[in-house]
Protein chains: 2
Amino acid sequence: MTSINTHEIDIVKAKTSKIDSVDFENLTFGNVFTDHMLVCDYKDGAWEKPIIKPYEHFMIDPSAKVFHYGQAIFEGMKAYKDENDEVWLFRPDQNMERFNKSAVRMAMPEVPEHIFMDGLKTIVDLERNWVKKGIGNTLYLRPFMIAVGSGVIAQPSTQYRFMIILSPAKSYYQGEVKVIIAEHYSRAANGGIGAAKAAGNYSAQFYPQKLAQEKGFQQIIWTDDATHTKLEEAGTMNVFFKINDTLYTAPTSERILDGVTRKSIIDLAKSEGIKIEVRSVLVDELVAAAKDGSLKEIFGAGTAAVVSPIVGFQYKEHYYELPKIENSTALQLKDKLTKIQYKLADDKFGWTVKV
Amino acid sequence: MTSINTHEIDIVKAKTSKIDSVDFENLTFGNVFTDHMLVCDYKDGAWEKPIIKPYEHFMIDPSAKVFHYGQAIFEGMKAYKDENDEVWLFRPDQNMERFNKSAVRMAMPEVPEHIFMDGLKTIVDLERNWVKKGIGNTLYLRPFMIAVGSGVIAQPSTQYRFMIILSPAKSYYQGEVKVIIAEHYSRAANGGIGAAKAAGNYSAQFYPQKLAQEKGFQQIIWTDDATHTKLEEAGTMNVFFKINDTLYTAPTSERILDGVTRKSIIDLAKSEGIKIEVRSVLVDELVAAAKDGSLKEIFGAGTAAVVSPIVGFQYKEHYYELPKIENSTALQLKDKLTKIQYKLADDKFGWTVKV
């Protein structure tokens, strides 16, 4: 177990656990939370001592800046249990690094490692019974930070709250995912906050997402807002395209999130000898590849679904169906990645971290 | 007094008022709140009965969607007291309409008139002692809505809270306002949420704003994110340029907020015989006008500052100082507008609404 300065974190345990009331076979994603949460407040230019305490509602001022100006960031991560009942995190350093990049972009204080990482390990350790064995079972970890300072003037807060809440999850099969390519709406601006896991980026997608669903599409593939010619992300995931025998995914940028699953997929593909190119894919190129049969696969990659294969896409009122492929690259890569996460395969990348 | 269905709003009065403890001569904007707030919850597809009750902190779930996905919108408005102690609102219908447009864009329920407007009038009436006489004294009104439903899945909430909080304000003189024209950062994407008063739009500006302030500029003039060639907004205000004897301001769009002060300024200018054109102004055009002396004025327009004259702008490391003008168009228009708001001039537009 990596060293944890538990003397730096106060722990107040819940008197009883609600774990026995939870139906782990029928979980809705992100809906049930464990017995405890971590809370750490920032005031007067400094982080206070973190506390782990029973999960509960908390008091907040109606004028808190998070309500008015959306000053809030988060991360999404998972803990996995192996066959020997050991609990593992997957590349948590990457999430911490991205969290603090998001903090800088949103004019919020960075969260130091002894609070983010030690706090995470300590609370996951405390809640290890909530991490169930078996591929697909995970404990979803949600570190987040909100501006709790009061006052309705559009300026950064001087007070923040960093929290970690934990939610048990089953792997979810979404059914067949059909996507529509965005011709009007966008998720990010050049020089905007698209690369940050900032709260406001997500609600901005709800309305276009609703319109897409009404048309029968589960997700939107976002394009660049200036020209709508470059393919960028799929819903809240990064997106990969397989044309002939090569995988393509867009480079990260100010508009595209630096996804941990994305970068792991890239490394895995390389080590498996799968051809991969990191470059922008144009909508026209995708349409041409769909027409001439060279488009083999499209899939999303993200922490929640890991890899999400897409069966077809709509563009300018025309629907392009993808070929049905046995043993797709998407599922091969998902399998490789999952086996590393659950310690069923050698972790030659050094991605897993024991709790 | 416009009809108010007070039987539709529960009122629980504060036992004591804190008004005597407030120094009305030395107010910081948006920092002090009145004795009461309005709260109205949305559940199971319907708005509940609004309640006006003592201003207080409230309980919320750490997994509330407003914290994670920034699903939150607001309005900024003011109440004014005339010489006869009557209290007035300024074009509240425009704020209500924009609020509900923001709600649609953010996949939130619209707030019906009997809650937004009657709620606003009822609480302002109750707090009328907080509206002080004299030009510049106002009660700043902040209607807002937040997603309070729980769950860390990126989907619209099913539960919302609409609130109105009120903050007494003095007119504020910001000192000389120098601006820098954005060459890299942006506030809005094509097909994004820039036209909505969505919380996330504001925190997205905090970091670029901080960088500008470090360079000695109080505000940023935002440009279009695709090309950075078109002038769009100034900080959180709409922006006007006077070149020769004509005022220019950009048309509203998906990237530009439909400001109430902006549209009132346009109407006032027209009625005063001031030439005004609603069209995009290019950065190059502004620079050329500054160089040849035809650029006379730049000013921001918004609810908080009303009209905010700008003394100069920086672009590509070069600072352009504006001529000092006696009796500027900015201040003429501010004076006209203010006199209507305080009932010192005939309101031929029918903009003022008695509480």
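Residue numbers begin at 1 in each chain, while the letters A, B, ... track the order of the sequences.
You'll find the side chain of A:I165 reaches within 4.5 Å of the side chain of B:V152, heavy atoms only. Between B:Q155 and A:K210, every side-chain heavy-atom pair lies at or beyond the 4.5 Å cut-off.
Between chain B and the residues A:G192, A:A182, A:P208, A:A64, the most heavy-atom pairs under 4.5 angstrom are made by A:P208.
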Without placing hydrogens or testing angles, list every side-chain donor-acceptor pair under 3.5 Å for residues 139-146 of chain A, not counting sequence neighbours.
| from | atom 1 | to | atom 2 | distance (Å) |
| --- | --- | --- | --- | --- |
| A:Y140 | OH | A:R142 | NH2 | 2.8 |
| A:R142 | NE | A:E75 | O | 3.2 |
| A:R142 | NH1 | B:H68 | ND1 | 2.9 |
| A:R142 | NH1 | B:Y69 | OH | 3.2 |
| A:R142 | NH2 | B:Y69 | OH | 3.1 |

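Evaluation of the salt bridge (Lys or Arg N to Asp or Glu O under 4.0 Å) test over residues 61-71 of chain B, restricted to residues two or more places apart or in two chains, returns none.
Checked by atom type and distance alone, the side chain of A:S203 pairs as donor or acceptor with a backbone atom of B:G70 at under 3.5 Å.
With a 4.5 Å cut-off on non-hydrogen atoms, B:V104 touches chain A through its backbone and its side chain both. Heavy atoms closer than 4.5 Å to chain A are found in the backbone of B:E56, but not in its side chain. Contact annotation for B:A198: neither backbone nor side-chain heavy atoms come within less than 4.5 Å of a heavy atom of chain A. Interface residue B:M163: only side-chain heavy atoms are found under 4.5 Å from chain A.
To the nearest 0.5 Å, atoms CD1 (B:I193) and OG (A:S186) are separated by 11.5 Å.
The interface of residues 226-234 of chain A with chain B, defined by heavy-atom distances below 4.5 Å, comprises A:A226.
Between B:F67 and A:F162, the ring center distance fails the sub-6.0 Å criterion.
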| said: Could you go through B:Y185 and A:N190, starting from their C-alpha distance and side-chain angles, then the distance that decides it, and tell me whether this counts as side chain to side chain contact (heavy atoms under 4.5 Å, CB included)? | reply: CA-CA 7 Å; B:Y185 290 105; A:N190 296 297; over 6 Å; no
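Residues that satisfy the salt bridge (charged side-chain N to carboxylate O under 4.0 Å, His left out) test with A:K215, not counting sequence neighbours, are absent from this structure.
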